[in-house]
Protein chains: 2
Amino acid sequence: MQSILEYQDFYNLLTGRTPQAFNRVLNKNFRQNGVELTKEQWSILAVLWENDGCSQQYLADKSFRDRPSVTRLIDNMEKDGLVDRKPDVNDRRSNLIFLTKKGKQIQEKVMNLVNATVEESIKGISVENIVTVKEVFHKIYQNLEVK
Amino acid sequence: MQSILEYQDFYNLLTGRTPQAFNRVLNKNFRQNGVELTKEQWSILAVLWENDGCSQQYLADKSFRDRPSVTRLIDNMEKDGLVDRKPDVNDRRSNLIFLTKKGKQIQEKVMNLVNATVEESIKGISVENIVTVKEVFHKIYQNLEVK
DNA sequence: AAACAATTGTTGTTACAACAACAAAAGTAA
DNA sequence: TTACTTTTGTTGTTGTAACAACAATTGTTT
């Protein structure tokens with residue numbers, strides 16, 4: 001890391017074309033298979049499939065979003081019939097979010113598409129190198145969070 | 001990569017909390033130092049600092065955005081007095097984008113902030129591991145682009 | 001030259017991110 | 001209990017992404 005260009009390269013590495021390409025291909029795979037989900041909606045569903053009936057705050061923590069973002073995602077997903085909001089009788093500040101029948105039924109199809117996209121993307125990459133990427137990103141995250 | 005959870009982990013790795021954290025810290029560093037730029041505007045300026053007076057299509061290619069996104073970024077940056085649009089006399093379909101005095105003057109300050117943020121983020125990570133991340137991302141990009 | 005195709009930029013629409021400000025409810029301390 | 005603080009969710013605003021559709025211009029083919 002010496003020149004200005006290399007710093008810009010590193011920025012592009014982290015936030016640039018590869019994550020965008022992955023998102024684009026995932027979206028395309030969704031659409032081509034009749035799955036009308038945004039990648040953000042998928043990331044919320046993935047949390048619910050593991051823990052149905054959790055709060056919006058929990059969804060925000062698990063999906064690395066802030067509360068306003070989750071509020072609006074749930075708004076749209078409720079309109080699309082994927083989830084229902086139910087008030088928490090034990091804490092009236094809180095809503096509990098439940099999968100609808102539709103939200104449950106699409107799990108297998110969606111996860112197959114996600115798995116296929118991930119497998120396609122990491123073809124020819126060794127497990128050691130994937131582990132290294134995970135470790136580097138974890139370290140970067142820690143470096144930035146300490147602040 | 002065996003279970004559903006690990007695939008989701010990989011998705012989060014690529015598009016998740018670490019890139020978001022980097023963007024958040026970079027934005028914070030901009031604001032705390034009186035630089036009123038979005039990270040997207042910065043990525044456009046970085047291209048112009050290397051090649052002032054290029055077309056919007058060129059900016060789109062270099063910053064990995066589509067044409068509509070660049071149109072609106074330039075709209076906003078023109079309002080903010082960072083760049084000027086000038087018609088290309090040799091090709092009347094095309095605009096040439098030029099840095100204003102303001103757009104040139106902030107280069108040093110902005111690049112110092114970007115460099116500091118990158119350095120902070122990669123503290124304690126070996127050059128070999130950073131190279132591995134670059135290679136893995138390049139391979140992923142190729143895997144997805146072939147499609 | 002004329003017809004067709006490709007390129008460049010714009011506009012419209014929908015969806016999301018980030019941040020600030022806020023209200024309601026719950027928790028805590030006096 | 002009352003007053004203060006924290007938590008949870010919502011709304012407002014601005015900025016961007018992705019995609020479709022389009023106009024103007026340029027390039028290509030015949």
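By convention in this document, chain letters (A, B, ...) are assigned in the order of the sequence lines, proteins followed by strands, and residues within each chain are numbered from 1.
- Heavy-atom distances under 4.0 Å link DNA chain C to no residue of residues 52-60 of chain A.
- As rounded to whole Å, 11 Å separates atom P of dA17(C) from atom CG of N23(A).
- Rounded to whole Å, the distance from CD on E40(A) to P on dA18(D) is 10 Å.
- Spacing between atom NZ of K39(B) and atom P of dT16(D) amounts to 8 Å, rounded to whole angstrom units.
- Using a 4.5 Å heavy-atom threshold, the side chains of Y141(B) and F22(A) count as separate.
- For the residue pair S121(B) / N143(A), no side-chain donor-acceptor distance below 3.5 Å is found, with atom types taken as modelled.
- Atom-to-atom, CG of D61(A) to C1' of dG9(D) comes out at 13 Å; the value is rounded to the nearest Å.
- For the segment residues 67-82 of chain A, residues with any heavy atom less than 4.0 angstrom from an atom of DNA chain D are, sorted by number, R67(A), P68(A), T71(A), R72(A).
- The interatomic distance linking K28(A) (NZ) with dA20(D) (P) rounds to 11 Å, in whole Å.
- Looking only at atom types and distance, the side chain of Q57(B) has a donor-acceptor partner in the side chain of D61(B) under 3.5 Å away.
- Nearest heavy atoms, V110(A) versus V35(A): CG2-CG1, 3.9 Å.
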- Task: Before giving the answer on salt bridge (charged side-chain N to carboxylate O under 4.0 Å, His left out), spell out for D84(A) and K101(A) the whole-Å C-alpha distance, their side-chain angles and the decisive distance to 0.1 Å.
- Result: CA-CA 10 Å; D84(A) 285 322; K101(A) 191 184 288 184; over 6 Å; no
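- Going from atom CZ of F22(A) over to atom P of dA18(D) covers 14 Å, rounded to whole Å.
- At distances below 3.5 Å, at least one donor-acceptor pair connects side-chain atoms of D52(A) with backbone N or O atoms of L99(A).
- Hydrophobic clustering (side-chain heavy atoms under 4.5 Å, transitive across Ile, Leu, Val, Met, Phe, Trp, Tyr) keeps L48(A) apart from L96(A).
- Atom CZ in R31(B) sits roughly 11 Å away from atom C1' in dA20(C) (whole-Å rounding).
- In this structure, E40(B) and R65(B) have side chains that are in contact, with non-hydrogen atoms separated by less than 4.5 Å.
- Between the side chains of R85(B) and Q56(B), at least one donor N or O lies within less than 3.5 Å of an accepting N or O.
- The CZ-P distance, from F30(B) to dA18(C), rounds to 15 Å in whole Å.
- Within the nucleic acid shown, N95(B) comes within 4.0 Å of sugar-phosphate atoms alone, with no base atom in reach, counting heavy atoms only.
- You'll find that the side chain of T38(A) is closest to dC16(C), out of dC16(C), dA17(C), dA18(C).
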Identify each atom pair where a protein N or O and an N or O of nucleotides 24-28 of chain D are less than 3.5 Å apart, giving names and distance.
unit_1, atom_1, unit_2, atom_2, d
dT26(D), OP1, R92(B), N, 3.0
dT26(D), O4', R93(B), NE, 3.4

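- Ion pairing of D66(A) with R24(B) is absent here, as no side-chain N (NZ or NE/NH1/NH2) approaches a carboxylate O to less than 4.0 Å.
- Listed here is the closest heavy atom pair of G103(A) and W49(A): O-NE1, 3.0 Å.
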